[in-house]
Amino acid sequence: MIALVDCRNFYASCERVFRPDLAKTPIVILSSNDGCIIARSDEAKALGVPMGEPYFKAAHIIKEFKIVVFSANFSLYGNMSNRVMAVLGEFSDKLEIYSIDEAFLDCSQEKDLKEYGRLIHYTVRKWTNIPVAVGIAPTKTLAKIGCLLTKRDPDLCGVGLVTANMDLTKILSEVSVSDIWGIGRKLSKSLKLNGINNAQELRMADLRWIQKRYGINVVRTIYELHGTACSELRQLRPIRKSICSSRSFGRKITELREIEEAVAAYVSRAAEKLRSEELKTTTIGVYIRGGRFTNSPFSQSYFVNLFNPTDDTSFLIKIAQTAIRKIFKAGIRYEKCGVSFFNLSLKSQHQLPLFSSINQDLMEGKQLNLGTIIDKLNQRYGRDTLFISACGITPSWKTKAIKMSPHYTTDWRQLPTIG
DNA sequence: TCTGGGGTCCTAGGACCC
DNA sequence: TCTGGGGTCCTAGGACCC
């Protein structure tokens with residue numbers, strides 16, 4: 001069983017920790033440059049302030065109902081998040097920090113799940129002042145739905161339990177496809193056009209058709225709705241694959257000098273992140289864009305592959321500025337620019353000794369099974385670094401299809417059963 | 001007038017190799 | 001009824017998440 005702990009209206013709740021006088025007041029949080037509404041308290045939601053709305057469009061509601069407005073304070077939210085996660089760490093050895101305001105916990109050992117959920121709900125509130133919802137279920141997708149139920153039904157007191165022996169048909173019929181984790185705007189629109197409106201209907205959909213039409217991820221979601229886990233708890237944070245630093249300017253920019261300065265600042269921020277995680281990069285990219293909300297948006301990017309992996313800020317700034325000069329066009333009004341690093345590698349290059357020891361063993365003809373290698377890699381780099389996917393292969397003289405399996409695993413011993 | 005920032009994964013297609 | 005077979009690497013685009 002998996003518990004999902006989700007902080008309610010996280011950014012708004014964080015602000016309230018330091019402004020207890022605003023406990024009942026509607027609050028919204030704005031993105032950088034006070035551009036968009038990125039979080040709302042329950043009261044603000046009830047007044048009809050939409051998520052992601054540009055501030056100027058919601059300004060009249062905000063004024064009319066005297067909604068209190070905050071500019072986002074991400075370092076505060078990061079600190080509060082750490083506190084919440086530390087409390088959750090007390091409840092389970094197996095914890096996956098999924099985002100700034102959500103975590104999955106393994107609670108397979110717990111006997112009274114309802115009570116366990118209540119205890120989490122109560123303790124986090126007491127120790128951090130942040131209200132949370134708890135969803136408990138056999139899979140992550142169902143745990144998400146458990147959380148959703150608590151928002152609809154106050155009688156649940158913040159704990160939504162979804163178990164295999166409950167009437168899933170009834171529960172899932174009341175969940176819109178667009179509320180399912182992994183089904184976003186595009187997919188839900190398309191699914192609805194095909195007559196699939198709620199989670200129950202999706203659960204019963206034809207798997208082959210779904211895989212062909214929507215790909216493997218939706219198939220996995222369906223398995224999860226049935227109670228078969230397709231996404232494991234990731235306790236160790238995998239090594240990240242890219243770092244991006246970008247900002248909107250808040251006004252239109254036409255001067256190269258200003259953009260160069262911005263790029264230099266973004267590179268140092270991104271490089272700091274790079275070093276703090278003991279990584280180096282082999283690719284740096286820059287982009288600038290404008291006209292996003294006109295009918296002629298444009299953007300340009302330029303990537304540079306580096307000869308040696310590096311984390312040297314001033315070197316990277318030099319490259320980025322050269323790159324940005326290549327794509328900057330005088331006279332164009334730019335709104336945003338950014339810097340990304342790709343192909344990150346470990347500073348210490350641990351891969352080499354690990355792989356070479358495996359190669360050595362193979363060369364010497366030692367008996368090595370796949371399981372041992374996978375275990376080794378996963379141990380060093382965290383689970384899910386390497387996984388095996390059972391494949392179904394459809395041979396034909398004309399077509400060849402290799403499909404991904406919905407059920408993937410890092411445990412080779414499970415292969416015979418799912419293969 | 002004013003419209004966030006930072007990620008992941010999957011799929012398809014093309015170039016190229018033997 | 002018909003194309004050789006088998007592979008790698010890279011890129012672009014599209015979807016999703018918070």
Side-chain angles (χ1 to χ4, degrees), chain A residues 4 6-7 9-11 28-39 50-60 62 71-72 74 77-78 81 96-104 140-141 144 147 177-191 211-221 230-231 234 237-252 266 269-270 273 283 285 287 289-294 297 299 301 303 305 333 335-344 384 387 389 393 395-406 408:
Chain A
L4 168 65
D6 183 330
C7 300
N9 312 326
F10 184 57
Y11 296 168
V28 296
I29 315 292
L30 302 182
S31 63
S32 61
N33 297 321
D34 290 347
C36 276
I37 292 166
I38 54 167
M51 179 68 171
E53 181 91 335
Y55 176 57
F56 70 89
K57 284 192 186 170
H60 65 284
I62 288 171
S71 295
F74 290 107
Y77 310 149
S81 174
E96 173 184 341
I97 298 175
Y98 177 69
S99 72
I100 193 163
D101 67 341
E102 277 171 274
F104 292 105
K140 289 181 176 175
T141 305
K144 279 267 184 183
C147 259
V177 272
S178 54
D179 286 337
I180 303 170
W181 188 44
I183 309 293
R185 259 211 319 271
K186 302 256 178 175
L187 284 176
S188 54
K189 189 177 166 199
S190 166
L191 285 166
Q211 171 141 12
K212 194 154 176 273
R213 183 90 162 66
Y214 300 106
I216 194 63
N217 285 326
V218 181
V219 174
R220 288 191 179 130
T221 299
C230 293
S231 168
R234 298 182 183 219
R237 193 159 44 85
I239 295 162
R240 79 162 75 236
K241 296 172 179 167
S242 65
I243 291 174
C244 168
S245 176
S246 67
R247 291 287 181 282
S248 297
F249 294 118
R251 61 194 168 88
K252 306 270 196 281
Y266 303 164
R269 214 169 18 228
K273 215 183 266 182
T283 301
Y287 76 87
R289 72 174 187 216
R292 188 148 80 99
F293 294 93
T294 67
S299 74
S301 57
F303 288 84
N305 290 317
R333 293 150 64 86
E335 296 162 358
K336 183 175 180 177
C337 76
V339 175
S340 328
F341 298 156
F342 289 105
N343 294 350
L344 306 186
D384 290 5
F387 62 80
S389 174
I393 300 177
S396 133
W397 68 275
K398 180 145 186 180
T399 62
K400 184 181 67 179
I402 300 175
K403 292 188 170 138
M404 298 202 55
S405 156
Y408 62 98

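Source: prediction; values computed, not measured. Heavy atoms only: backbone and side chains are in, while hydrogens, waters and symmetry mates are out. In the text below, chain A, chain B and the rest are named by the order of the sequence lines, each starting its count at 1.
- Side-chain nitrogen and oxygen atoms of A/K57 include none within less than 4.0 Å of the OP1 or OP2 phosphate oxygen of B/dT1.
- In this structure, A/R269 and A/C36 both approach DNA chain B, and ranking their closest nucleotides by distance from the 5' end singles out A/C36.
- Contact annotation for A/D101: backbone-only contact, meaning every heavy-atom pair under 4.0 Å involves sugar-phosphate atoms and none involves a base.
- In terms of heavy atoms, A/S301 sits closest to A/Y287 at CB-CB, 3.7 Å.
- When the P atom of B/dG5 is taken as reference, atom CD1 of A/I37 falls 16 Å away, rounded to whole Å.
- When distances are taken from the side chain of A/L187 to each of C/dC16, B/dG5, B/dG7, the shortest belongs to C/dC16.
- For A/I216, whose side chain is taken as the heavy atoms from C-beta onward, the closest listed nucleotide among C/dC18, C/dA15, B/dT11 is B/dT11.
- An OP1 or OP2 oxygen of C/dC17 is reached within less than 4.0 angstrom by no side-chain nitrogen or oxygen of A/K144.
- Phosphate proximity of B/dG5 to A/K336: present, with a side-chain N or O under 4.0 Å from OP1 or OP2.
- Atom OH of residue A/Y11 and atom CD1 of residue A/I29 lie 9.5 Å apart, to the nearest 0.5 angstrom.
- Of all non-hydrogen atoms in A/R247 and A/K336, the two that sit nearest each other are O-CG, 3.1 Å.
- Residues A/R185 and A/S188 come closest through the heavy atom pair O-OG, 3.2 Å.
- Comparing A/K241 and A/R247, the nucleotide of DNA chain B nearest to each residue sits closer to the 5' end for A/R247.
- Here C/dC17 presents its P atom at 18 Å from CD1 of A/I38, a figure rounded to the nearest Å.
- Here the nucleotide nearest the side chain of A/C244, chosen from B/dG4, B/dG7, C/dC17, is B/dG7.
- Here the P atom of nucleotide B/dG7 and the CD1 atom of A/I243 are 7 Å apart, to the nearest Å.
- Here, B/dT3 and C/dC18 have their P atoms 25 Å apart, quoted to the whole Å.
- Among the protein residues, A/L30 comes within range of no part of the nucleic acid, since none of its heavy atoms lies under 4.0 Å from any strand.
- Out of C/dA15, B/dG7, C/dC18, the shortest distance to the side chain of A/K186 is found at C/dA15.
- Contact check, A/S248 against B/dT3: no side-chain N or O comes under 4.0 Å of OP1 or OP2.
- When the side-chain nitrogen and oxygen atoms of A/R240 are compared with OP1 and OP2 of B/dG7, one or more of them lie within a distance under 4.0 Å.
- Here the C1' atom of nucleotide B/dG6 and the OH atom of A/Y266 are 14 Å apart, to the nearest Å.
- Among the atoms of the strands shown, none is found under 4.0 Å from any heavy atom of A/K140.
- The side chain of A/R220 places no N or O atom within less than 4.0 Å of a non-bridging phosphate oxygen (OP1 or OP2) of B/dC9.
- For the atom pair A/Q211 CD and A/N217 CG, the distance stands at 10.0 Å (nearest 0.5 Å).
- Taking the 5.5 Å centre cut-off and the 30° plane limit, the aromatic side chain of A/F293 is classed as stacked on B/dT3.
- Contact annotation for A/E102: backbone-only contact, meaning every heavy-atom pair under 4.0 Å involves sugar-phosphate atoms and none involves a base.
- Rounding to whole angstrom units, NZ of residue A/K189 and C1' of C/dA15 are separated by 14 Å.
- What separates CD1 of A/I97 from P of C/dC18 is a distance of 16 Å, to the nearest Å.
- The side chain of A/S242 places no N or O atom within less than 4.0 Å of a non-bridging phosphate oxygen (OP1 or OP2) of B/dG7.
- The nearest pair of heavy atoms linking A/S71 to A/D34 is OG-OD1, 2.7 Å.
- Considering all non-hydrogen atoms of both residues, A/C147 and A/L4 come closest at SG-O, 3.7 Å.
- Residue contacts shown for A/R185 are limited to sugar-phosphate atoms, with no base heavy atom under 4.0 Å away.
- Taking atom CD on A/Q211 and atom P on B/dC10, their separation rounds to 12 Å, with Å as the unit.
- Looking at heavy-atom distances under 4.0 Å, A/Y214 makes no contact with the nucleic acid at all.
- Atom pair A/M51:CE and C/dC18:P shows a separation of 10 Å (rounding to whole Å applied).
- At a threshold of 4.0 angstrom between heavy atoms, the contacts of A/I180 are confined to the sugar-phosphate backbone, with no base atom among them.
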